[in-house]
2 protein chains.
Amino acid sequence: MKNKNKKAHCAVDYAFQRIGGKYKGRILWVLRDGFLRYGELKRAVVGITPKMLTQTLKELEADELIVRKVYLEVPPKVEYSLTDTGKELIPFISQMRSWGEKQMATN
Amino acid sequence: MKNKNKKAHCAVDYAFQRIGGKYKGRILWVLRDGFLRYGELKRAVVGITPKMLTQTLKELEADELIVRKVYLEVPPKVEYSLTDTGKELIPFISQMRSWGEKQMATN
DNA sequence: TACTTTATTGTACATACTTGCTGTAAAGAT
DNA sequence: ATCTTTACAGCAAGTATGTACAATAAAGTA
């Protein structure tokens with residue numbers, strides 16, 4: 001779900017391009033309360049591989065939805081958090097989540 | 001973005017699986033006001049190929065987000081509309097759209 | 001010295017998604 | 001008889017996305 005070089009046909013298209021992708025929503029969601037380290041994210045987003053986590057975090061960072069903060073320590077420490085733009089997405093991820101919960105219960 | 005045989009890790013995951021995909025959001029969005037025929041959808045969702053339109057409509061139908069109504073006429077006539085479940089998604093697609101518009105303006 | 005920890009990166013491969021193009025049915029118009 | 005219209009279906013091919021597994025750096029600990 002690359003963002004660069006893609007022109008959106010409309011705002012809906014644009015938004016979906018920006019937060020579509022298998023893990024983006026979940027990552028933004030688990031980051032809603034603050035800072036998480038790489039390993040914490042990995043545990044929070046069950047089922048994601050390290051490769052995909054790294055890749056998706058990079059995309060989200062390039063997209064300015066999250067911030068990556070590196071601590072110069074050994075072993076390495078990196079913390080991720082939402083940008084203001086990222087935070088704006090939380091309400092509707094929340095809404096989608098409610099819808100999803102309701103739907104899952106219905107079946 | 002197949003839905004069958006996929007188990008969601010959480011409600012966010014579930015929701016994204018169900019409306020993720022390049023065109024699903026846009027199709028649901030243009031159907032918000034009522035019924036559209038295949039050809040009308042094709043014109044409304046600019047850039048979609050007939051193949052993808054058909055495929056995406058099938059997925060949405062299997063997913064019970066839209067209804068397909070066939071008129072036994074020649075040449076064929078088929079109308080698509082939202083189910084109640086599909087309609088529930090409109091508010092937050094709308095919200096995403098607002099966010100998208102704001103973002104697009106910001107750049 | 002060897003082992004552990006953390007946050008990656010690299011390669012190879014598999015699967016999913018998307019596009020482009022051609023083809024079809026069947027009634028009505030020319 | 002041929003053309004037009006509508007809503008698709010089929011196939012080949014490319015691109016994007018995702019998985020599995022191995023490897024790295026560099027300090028601290030056993």
Side-chain angles (χ1 to χ4, degrees), chain A residues 1-9 12-13 16-27 30-31 35-63 66-81, chain B residues 1-9 12-13 16-27 30-31 35-63 66-81:
Chain A
M1 194 62 77
K2 270 183 297 185
N3 228 39
K4 48 189 173 188
N5 306 328
K6 278 194 185 175
K7 44 204 161 195
H9 289 284
V12 175
D13 197 16
F16 271 85
Q17 277 179 33
R18 201 140 164 206
I19 66 149
K22 191 163 182 181
Y23 300 105
K24 286 189 180 177
R26 289 170 72 193
I27 291 176
V30 299
L31 282 174
F35 297 79
L36 286 182
R37 296 182 63 178
Y38 181 89
E40 293 172 326
L41 277 168
K42 185 152 166 25
R43 278 187 292 280
V45 182
V46 177
I48 197 170
T49 58
K51 175 88 188 270
M52 280 311 294
L53 178 53
T54 300
Q55 189 178 308
T56 309
L57 288 171
K58 267 188 190 167
E59 288 175 21
L60 289 170
E61 193 198 358
D63 236 2
I66 64 171
V67 176
R68 186 182 125 106
K69 186 175 180 187
V70 181
Y71 294 82
L72 293 175
E73 299 176 6
V74 170
K77 176 174 173 182
V78 183
E79 276 185 349
Y80 294 89
S81 59
Chain B
M1 193 62 78
K2 270 183 298 185
N3 227 38
K4 48 189 173 187
N5 307 328
K6 278 193 183 174
K7 44 204 159 196
H9 288 285
V12 176
D13 197 16
F16 271 86
Q17 278 180 31
R18 199 138 166 209
I19 65 149
K22 192 164 182 180
Y23 300 106
K24 286 189 180 177
R26 288 171 73 193
I27 291 177
V30 299
L31 282 174
F35 298 77
L36 287 182
R37 296 182 62 177
Y38 181 88
E40 293 171 324
L41 277 168
K42 186 151 166 27
R43 279 186 292 279
V45 182
V46 177
I48 196 170
T49 58
K51 175 87 191 267
M52 281 310 295
L53 178 54
T54 300
Q55 190 177 308
T56 310
L57 287 171
K58 267 187 191 169
E59 288 175 21
L60 289 170
E61 193 197 359
D63 235 3
I66 65 171
V67 176
R68 187 181 126 107
K69 187 174 179 186
V70 182
Y71 294 83
L72 294 176
E73 300 175 4
V74 170
K77 176 176 174 182
V78 183
E79 276 185 350
Y80 295 89
S81 58

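Every chain is numbered from 1, with letters handed out A, B, ... down the list of sequences. Just so you know, these numbers come straight off a predicted model, no measurement behind them.
- Contact record, B:Val12 with A:Gly25: CG1-C, 3.8 Å, taken as the closest heavy-atom pair.
- One interatomic measurement links the two molecules: CG of A:Leu72 to P of C:dT8, which rounds to 13 Å at whole-angstrom precision.
- Nearest nucleotide to the B:Arg68 side chain, out of C:dA27, D:dC8, C:dT19: D:dC8.
- Partner B:Tyr71 forms a side-chain hydrogen bond (donor to acceptor under 3.5 Å, both in side chains) with one of B:Glu79, B:Arg37, B:Lys77 and no other, that one being B:Glu79.
- Residue-level contact check: B:Lys42 touches neither bases nor backbone, having no heavy atom under 4.0 Å from any strand.
- Atom CD1 in A:Ile48 sits roughly 13 Å away from atom P in D:dA20 (whole-Å rounding).
- Side-chain atoms of B:Lys51 lie closest to D:dG10 of the nucleotides D:dG10, C:dA7, C:dT11.
- Going from atom CG of A:Leu57 over to atom P of D:dG18 covers 13 Å, rounded to whole Å.
- C:dA16 atom P lies 12 Å from atom CD of B:Glu59, rounded to whole Å.
- When the nearest nucleotides of DNA chain D are assigned to A:Pro75 and A:Thr56 by heavy-atom distance, the more 5′-ward of the two goes with A:Thr56.
- Closest to the B:Thr49 side chain, of the nucleotides C:dG20, C:dT9, C:dA7, is C:dG20.
- When all heavy atoms are compared, the tightest approach of B:Pro50 to B:Lys42 is CD-CE, 3.8 Å.
- The A:Met52 side chain lies nearest to D:dG18 when the options are C:dT19, D:dA7, D:dG18.
- Closest contact between the side chain of B:Tyr23 and the listed nucleotides D:dA7, C:dT8, C:dT18 involves C:dT18.
- Which of C:dA26, C:dT8, D:dG18 sits closest to the side chain of A:Lys22 comes down to D:dG18.
- Distance, A:Lys77 NZ to C:dT8 P: 13 Å, rounded to whole Å.
- Distance B:Tyr80 OH to D:dA7 P: 8 Å, rounded to the nearest Å.
- Closest contact between the side chain of B:Arg37 and the listed nucleotides D:dC8, D:dT6, C:dA7 involves D:dT6.
- A distance of 9.5 Å separates CD in A:Gln17 from NZ in A:Lys24, rounded to the nearest 0.5 Å.
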